[in-house]
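Here the structure is laid out as structure tokens; the discussion comes afterwards.
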Amino acid sequence: MDKESFYEKVYDVVRQIPTGRVTSYGAIAEYLGTKGSSRMVGYAMGACGNIYPAVPAHRVVNSAGLLTGKFHFPSPDLMQQMLESEGVEVENDKVVNFKKVFWRPISELN
DNA sequence: GCAATGACTGGAG
DNA sequence: CCTCCAGCCATTG
């Protein structure tokens, strides 16, 4: 692995997500320059439990604000619990104020 | 180096 | 509104 792999970049961006905010896989992929690699973002998260510091994967949802990756957590309910604990309203496995809590690395980090 | 995989996405039925 | 299909690209065996 040379320096920072695609994974490292993904983790780095996810760690920069402010508390009480969420983002989408596509947004991260687009920020990294690989807009079409939205799957890679999720794929990278698959190894998030294998790295340190831990990545706040619970702040990463799909474009619709759905907690698609909740089933990959130790407990499916853990993801929602984490978000609610940070002030993010979650209902029916999706972010309620997704538009409001949505955080774009492209606009924020640029 | 090829084939399979995946926590996605957007459009079509 | 819900379901299915094909494209997308990096990592792994």
Side-chain angles (χ1 to χ4, degrees):
Chain A
M1 302 311 178
D2 299 332
K3 313 159 195 167
E4 306 142 0
S5 325
F6 187 88
Y7 283 31
E8 294 294 327
K9 292 183 179 181
V10 175
Y11 302 143
D12 188 41
V13 176
V14 176
R15 291 199 200 94
Q16 294 178 67
I17 302 175
T19 306
R21 296 283 180 143
V22 296
T23 189
S24 64
Y25 301 92
I28 298 173
E30 186 176 0
Y31 173 74
L32 297 178
T34 54
K35 183 180 181 182
S37 61
S38 51
R39 301 181 128 167
M40 307 303 90
V41 179
Y43 192 75
M45 308 310 296
C48 72
N50 202 17
I51 65 164
Y52 186 85
V55 180
H58 59 272
R59 295 181 188 153
V60 184
V61 296
N62 74 343
S63 63
L66 295 172
L67 310 184
T68 51
K70 61 178 278 185
F71 296 104
H72 288 249
F73 282 77
S75 298
D77 294 334
L78 182 63
M79 185 173 185
Q80 182 172 337
Q81 293 294 324
M82 295 278 278
L83 291 172
E84 291 180 339
S85 181
E86 295 182 351
V88 179
E89 295 183 66
V90 179
E91 186 172 325
N92 193 13
D93 297 340
K94 76 176 181 183
V95 179
V96 179
N97 302 328
F98 179 60
K99 295 180 183 178
K100 297 179 182 178
V101 298
F102 183 64
W103 177 80
R104 288 188 186 180
I106 303 173
S107 300
E108 301 296 330
L109 300 176
N110 192 6

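It should be emphasised that the depicted structure is a prediction, and the values quoted were computed from it without experimental measurement. Just so we're on the same page: letters track the sequence lines, and every chain starts at 1.
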field: Rounded distance (Å) that lies between atom C1' of dA7(B) and atom CD1 of I28(A)
entry: 11 Å
Touch class at under 4.0 angstrom, heavy-atom based, for G46(A) against every strand present: base
Pairs where residues 50-69 of chain A contributes a residue and the test salt bridge (charged side-chain N to carboxylate O under 4.0 Å, His left out) is met, not counting sequence neighbours: R59(A)-E86(A)
field: Flag side-chain contact, heavy atom, 4.5 Å: V55(A) against V10(A)
entry: no
task: Would you mind classifying the nucleic acid contact of A64(A) as base, sugar-phosphate or nothing, using non-hydrogen atoms under 4.0 angstrom?
output: nothing
- prompt: M45(A) CE to dA7(B) C1': how many Å, rounded?
  reply: 8 Å
query: Is there a side-chain contact between E89(A) and V101(A), using heavy atoms and a 4.5 Å cut-off?
result: no
query: Do P105(A) and T23(A) come within less than 4.5 Å of each other through their side chains, counting heavy atoms only?
result: yes
Give every donor-acceptor pair under 3.5 Å between a side-chain atom in residues 68-77 of chain A and any protein atom, sequence neighbours left out.
unit_1 : atom_1 : unit_2 : atom_2 : d
K70(A) : NZ     : D93(A) : OD1    : 2.9
K70(A) : NZ     : D93(A) : OD2    : 3.2

- prompt: Within this structure, what is the CG-to-C1' distance between L66(A) and dC2(C), rounded to whole angstrom?
  reply: 13 Å
- line: Protein-proximity profile, nucleotides 3-10 of chain C, B/S/- by nucleotide at the 4.0 Å heavy-atom cutoff, equals ----BBBB
field: Cluster link Y25(A) to I51(A), ILVMFWY, side chain under 4.5 Å
entry: yes
message: Distance check needed: dA7(B) P versus L83(A) CG, whole Å only.
response: 18 Å
- request: Find the distance N50(A):CG to dT12(C):C1' and express it as a whole number of Å.
  value: 13 Å
